[in-house]
Every structure is written in structure tokens, then in C-alpha cells.
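Here is the structure we will look at, set down as C-alpha cells.
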Amino acid sequence: MSRILNCIVAVCPDMGIGKNGNLPWHPIRLSNELKHFQKMTMTPSDEGKKNVVIMGRKTWFSIPAAHRPLKNRINIVLSRELKTAPEGAHYLASDFSSALHLLDSGELEKLVDQVWIIGGSSLYKEVMERSGHRRLFVTRILKQFDCDTFIPNFDMDKYKLLPEFPGVPVGLQEDNGVQYLFEVYESIKH
């Protein structure tokens with residue numbers, strides 16, 4: 001089955017997404033940005049179904065233990081090293097293609113609605129370079145923080161910025177003195 005792959009990420013101006021296994025702005029809390037992430041990844045468009053979040057092992061372990069798994073979502077962790085799913089994760093896949101195969105077989109096929117990729121950088125890169133219908137939900141943090149993890153700039157010839165998207169706030173946002181914008185990009189060639 002052909003699914004729209006949704007990436008959701010918050011980035012600093014230099015495309016930084018992390019620092020020491022945490023968000024670059026930690027310990028500052030961007031509560032409304034987090035609520036946006038939760039609402040987008042948690043809300044299925046088809047009632048009775050659930051959304052899936054796919055993440056790499058490091059992203060899984062960067063989530064505080066009290067918040068794992070991400071509730072009301074099917075959590076799939078990718079790892080070539082782990083032999084069993086980490087405690088709390090619903091599924092383990094060795095790579096992204098295997099995770100997608102999981103979604104199109106067995107019990108998950110009828111249960112899964114939207115697919116959300118939530119990190120890390122190599123997974124974002126793989127999804128952005130894939131063919132097929134993709135959407136990038138980008139929170140542009142307008143302040144530079146020190147980062148040690150980055151995502152590649154995406155090829156603007158392959159994506160278009162949508163003027164608006166249902167459920168995504170428009171205009172300048174601010175949390176704890178940090179300003180940001182929500183942007184949604186859609187792949188041009190599917």
C-alpha cells in the first residue's frame with residue numbers, strides 16, 4: 001500500500017536538531033511546539049485507527065523513560081544492533097523498509113492510519129530522498145542554539161511550501177522567549 005510519509009522535526013537556523021541526545025534548546029521548554037507535535041502525530045484522520053511513529057534507537061532513548069512509548073501511537077524503533085524491541089516499544093525493525101513492510105502486513109495493515117517519522121538525522125535523510133508522497137512538518141526555530149546533530153537541507157526542487165495545512169497554526173509563534181514558525185512542505189513528484 002502506498003502511504004504518505006510524514007516527517008516532523010524542529011530545526012535551528014543551521015538545520016541543527018539535537019545536542020547531547022536532547023533538543024538543542026533544552027532545558028527551555030517549548031510547550032506549544034510540543035503540543036503541536038503531539039496533536040499532529042497522535043490524531044488519526046480515520047477514526048478507529050492509530051498513527052505510527054517511527055524513530056531510530058537514539059531518538060527512542062532520548063525520550064524520557066516516563067514518556068515512552070509515546071502514548072496513543074504505535075511506536076516502532078529502528079536498530080541494526082538490538083535483537084528485541086526496547087522496553088515499551090511496540091515493534092522493532094532493522095531498517096526503514098522493514099518498518100514499512102510491518103505496516104502493510106498482518107494486524108497493523110487495518111489498524112494503521114498515518115505514518116510519522118520523528119528522527120534521527122539519518123532516518124530523516126533516508127525518507128527525504130525516497131520516492132513517493134512525502135510531507136515535511138518543519139518547526140523553524142528562529143534562534144540559533146548550539147547543536148551537534150543536524151538534518152540535511154532538503155532539495156527545494158523536490159518540495160513545495162504549502163501556504164497552510166489543516167491543524168497547523170499560521171504565523172509567528174513564541175514559547176518562553178523563543179520564536180518559531182510552523183511550515184509544511186509537500187513532495188512535488190510522488
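Position 1 is the first residue of the sequence, and the numbers go up from there.
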Co-membership, hydrophobic cluster, residues [X] and [Y], 4.5 Å side-chain:
X	Y	value
W25	L142	no
I151	F37	no
M42	I63	no
L82	I54	no
V77	W116	yes

Sub-4.5 Å side-chain heavy-atom contact between [X] and [Y]:
X	Y	answer
F145	H26	no
F96	H101	no
V11	V138	yes
V168	M40	yes
L136	V9	no
N6	V115	no
C147	I17	no
M15	N153	yes

Side-chain ([X]) to main-chain ([Y]) donor-acceptor, under 3.5 angstrom:
X	Y	answer
R134	R130	yes
R57	L78	no
R73	K71	yes
Q144	D14	yes
K39	G167	yes
Y124	I8	yes
N75	P69	no
D113	N51	no
N176	I28	no
T59	M55	no

As an exercise, state the distance from [atom1] of [X] to [atom2] of [Y], rounded to the nearest 0.5 Å.
X	Y	atom1	atom2	answer
E183	Y185	CD	OH	3.5 Å
T43	N72	OG1	CG	9.5 Å
R140	Q173	CZ	CD	15.0 Å
L5	Q114	CG	CD	11.5 Å
C12	F150	SG	CZ	8.5 Å
E129	K158	CD	NZ	6.5 Å

Give me the atom names and distance for the closest heavy-atom approach of [X] to [Y].
X	Y	value
W60	P86	NE1-CB, 3.4 Å
P13	K143	CD-O, 3.5 Å
K83	L92	C-CD2, 3.7 Å
Y91	A85	C-CB, 4.1 Å

Using 30° and 60° as the class limits, which term best fits the ring planes of F137 and F165: parallel, tilted or perpendicular?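 Rings of F137 and F165: perpendicular, as their planes differ by over 60°.
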Under the side-chain hydrogen bond (donor to acceptor under 3.5 Å, both in side chains) rule, collect the residues that match up with N32, sequence neighbours excluded.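 side-chain hydrogen bond (donor to acceptor under 3.5 Å, both in side chains) list for N32, sorted by chain: D175.
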Verdict with reasoning, S62 to N22, per side-chain contact (heavy atoms from CB on, under 4.5 Å): CA-CA 6 Å; S62 76; N22 217 317; over 6 Å; no
Got a sec: does the NZ of K58 have more than 12 other heavy atoms crowding it under 6.0 Å?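 No.
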More than 12 heavy atoms of other residues, nucleotides or ligands under 6.0 Å from CZ of R29: yes or no?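 12 or below, so no.
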L70 and I118: CA distance, side-chain angles, deciding distance, side-chain contact (heavy atoms from CB on, under 4.5 Å) verdict: CA-CA 11 Å; L70 296 178; I118 64 168; 3.7 Å; yes
Passes side-chain contact (heavy atoms from CB on, under 4.5 Å), V53 versus I74? Steps please. CA-CA 6 Å; V53 286; I74 298 165; over 6 Å; no
side-chain contact (heavy atoms from CB on, under 4.5 Å), that's the test. Do T139 and L181 meet it? Break it down for me. CA-CA 6 Å; T139 302; L181 297 165; over 6 Å; no
Check: H133/E186 side-chain N/O donor and acceptor closer than 3.5 Å: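 H133 vs E186: donor-acceptor pair found between side chains.
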When you check the side-chain N and O atoms of Y159 and R135, is any donor under 3.5 Å from an acceptor?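 Their side chains do not contain a donor-acceptor pair, so the 3.5 Å distance test is not met.
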